[in-house]
Structure formats: C-alpha cells, structure tokens
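One structure below.
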Amino acid sequence: MIDAEHTYFQGAIDLLAMDLQRKHNKTCAVIYNTIQCYRKDPVARLHLEIQVAKQGGYYYGVKCVRGAYMVLERQRAQEKGYEDPIWPTIEDTHKAYHKAVDLLLENRSFCEFMVASHNETTVQYVAKRMKELSIPPSTLGISFGQLFGMRDHISFSLGALGYRAFKYLP
C-alpha cells in the first residue's frame, strides 16, 4: 500500500504505483495506491487510473482517504500563486469521497479498494451502498481500515457484521 503525499510530487508516486500495478496486479490487487479525496481531482484521477488499468489488463488497487496535508497544501498554493488544490469545505470533501467510492463499487470487477475512514457517516454510506448493490460484507477486494488506536468501535463493529476491517499503521 503506497501512501499519498503532497500534490506537487504525488504525480510521480502515481506513475510509480501504476507501473507496479501493471507488473504485479495481474490476478488480484497486491499493490495499492492512495487517493486523497480532500483534493479537487480525486474522481477525475480515479476515472483515468481505472481506464488505464482496464486497458492494461490489471487489477486497480486503491486506498481512499480524505487527506492529511490541508494546511501545507493551502499555504504552498498561496505562496506559489496557484489555485488551492483542496476542496473549500468538508462537505465538498465528503461528496468527493462518496463519489469516489461509488465509482469504485461500479468497477469492482477489476478494482479492489480500502475505505480508509474514521468518519462514521462515510462507513455507513459505503455499507448501505454495498447492501443496495447486493454486495456481501465479506466480499474480497472491498475492505475498511482505520489507523491503529483510532475509532476502534468502528473497526470492531464492521468486523462483527462480517465486513473486512483492518487496523493499519502509517
């Protein structure tokens, strides 16, 4: 699982991740990239990366997060004189996250992903969408994750309901 970084060098990480996925994700996703949904471009990036994976004949693996560099990203954009790459409101971020998950669910035949979220509303949204799409909780390729030591009640509840729930260390 390759973690996300600042926007000004995330493109290089994405290219490396796609190259590794092309080489190693032939039968399932073993290499996962990370998409930051607090950025203004996650859904467009997912469309592109999913299309590349489809055409390349490999499984697309991704961890969806909200993001962690908001202050630094905004500060750098202001200092360098370019548009702020971060959504202006948390509501915009929530919408982008849910759109990203919907896109991944629509393409689950060759996309594997982790919903890496401490947000209970998002976890409930994904569980509801899975139910609406008749996707069993234990489906391989769809998992939930929270940082070790955080929001344990979400992880434990998901596990008790049969979802693939993980604790991870950054």
Side-chain angles (χ1 to χ4, degrees), residues 1-4 14 17-68 87 89-170:
M1 200 167 285
I2 301 169
D3 211 1
D14 292 342
M18 287 169 48
D19 188 50
L20 290 169
Q21 287 183 358
R22 189 177 5 266
K23 291 177 184 171
H24 301 287
N25 289 6
K26 293 296 185 187
T27 59
C28 66
V30 293
I31 305 293
Y32 282 62
N33 198 4
T34 300
I35 193 103
Q36 296 171 303
C37 294
Y38 76 158
R39 290 178 49 171
K40 293 177 182 175
D41 64 352
V43 176
R45 284 184 52 223
L46 278 175
H47 275 291
L48 174 66
E49 292 179 15
I50 288 169
Q51 187 63 32
V52 169
K54 240 185 222 185
Q55 291 173 347
Y58 62 89
Y59 284 84
Y60 179 65
V62 69
K63 174 178 74 167
C64 290
V65 302
R66 279 185 167 68
W87 288 113
T89 69
I90 189 66
E91 291 78 18
D92 292 328
T93 299
H94 294 329
K95 287 177 193 171
Y97 198 107
H98 294 176
K99 284 182 184 178
V101 168
D102 285 338
L103 181 60
L104 291 164
L105 287 169
E106 291 167 14
N107 289 281
R108 68 187 176 278
S109 62
F110 62 93
C111 291
E112 298 183 21
F113 62 97
M114 174 179 277
V115 176
S117 180
H118 300 117
N119 183 293
E120 290 183 53
T121 302
T122 289
V123 170
Q124 291 168 353
Y125 175 84
V126 177
K128 178 182 167 225
R129 291 292 294 133
M130 288 175 69
K131 186 173 184 172
E132 289 170 356
L133 296 168
S134 301
I135 302 170
S138 60
T139 297
L140 294 176
I142 302 173
S143 59
F144 294 82
Q146 290 78 39
L147 288 169
F148 181 74
M150 294 182 68
R151 310 296 277 181
D152 290 338
H153 69 283
I154 294 175
S155 310
F156 297 152
S157 296
L158 286 165
L161 292 170
Y163 291 92
R164 297 171 42 81
F166 296 89
K167 297 304 257 182
Y168 61 98
L169 298 171

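Throughout, residue positions are numbered sequentially from 1 according to the sequence presented.
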Tell me whether the count of non-hydrogen atoms from other residues, nucleotides or ligands lying under 6.0 Å of CZ in F148 goes above 12. no

Give, for atom OG of S109 and atom NZ of K54, the distance between the pair rounded to the nearest 0.5 Å. 7.0 Å

Do any pairs count as a salt bridge (Lys or Arg N to Asp or Glu O under 4.0 Å) and have a residue in residues 130-145, sequence neighbours left out, and if so which ones? K128-E132, R129-E132

When you look at NZ of K26, are more than 12 heavy atoms from neighbouring residues, nucleotides or ligands closer to it than 6.0 Å? yes

Side chains of K167 and F156: does their closest heavy-atom pair fall under 4.5 Å? no

What pairs meet the side chain to side chain donor-acceptor pair (under 3.5 Å) rule with one or both residues in residues 137-148, with sequence neighbours excluded? Q146-S155

Euclidean distance, L158 CG relative to F166 CZ, rounded to 0.5 Å: 11.5 Å

Are D14 and R45 packed together at the side-chain level, in the sense that at least one heavy-atom pair is separated by less than 4.5 angstrom? yes

Could you list the residues that satisfy ring pair (Phe, Tyr, Trp, His ring centres under 6.0 Å) with Y163, not counting sequence neighbours? F144

List for me each residue that meets ring pair (Phe, Tyr, Trp, His ring centres under 6.0 Å) alongside F113, sequence neighbours excluded, and say none if there are none. none

Side chain proximity check, Y59 to I31, heavy atoms < 4.5 angstrom: no

If you measure from NZ on K99 to SG on C37, what distance do you get to the nearest 0.5 Å? 11.5 Å

Residue pair R164 / L140, side-chain heavy-atom distance below 4.5 Å: yes

Side-chain contact test, heavy atoms from C-beta onward, threshold under 4.5 Å: evaluate it for T122 versus R66 and give yes or no. yes

What residues form a ring pair (Phe, Tyr, Trp, His ring centres under 6.0 Å) with H94, not counting sequence neighbours? none

Can you name the residues that form a ring pair (Phe, Tyr, Trp, His ring centres under 6.0 Å) with Y125, not counting sequence neighbours? H98

Euclidean distance, R22 CZ relative to D19 CG, rounded to 0.5 Å: 5.5 Å

Test your reading of the model: is there a side-chain donor-acceptor pair from H118 to the backbone of L147, 3.5 Å cut-off? yes

Does some side-chain heavy atom of V62 sit less than 4.5 Å from a side-chain heavy atom of E49? no

Within the structure provided, determine whether K63 and Y168 are in side-chain contact (heavy-atom separation under 4.5 Å). yes

Side chain R108, main chain L105, donor-acceptor under 3.5 Å: yes

Measure the CG-SG distance between L46 and C111 for me, rounded to the nearest 0.5 Å. 8.0 Å

Can any side-chain N or O of Y97 pair as donor or acceptor with the backbone N or O of C64 at less than 3.5 Å? yes

Kindly compute the distance separating CG (N33) from CG (D3), expressed to the nearest 0.5 Å. 9.5 Å

Identify whether the distance between the nearest side-chain nitrogen and carboxylate oxygen of D92 and K40 falls below 4.0 Å. no

Is any side-chain heavy atom of I50 closer than 4.5 Å to a side-chain heavy atom of L104? yes

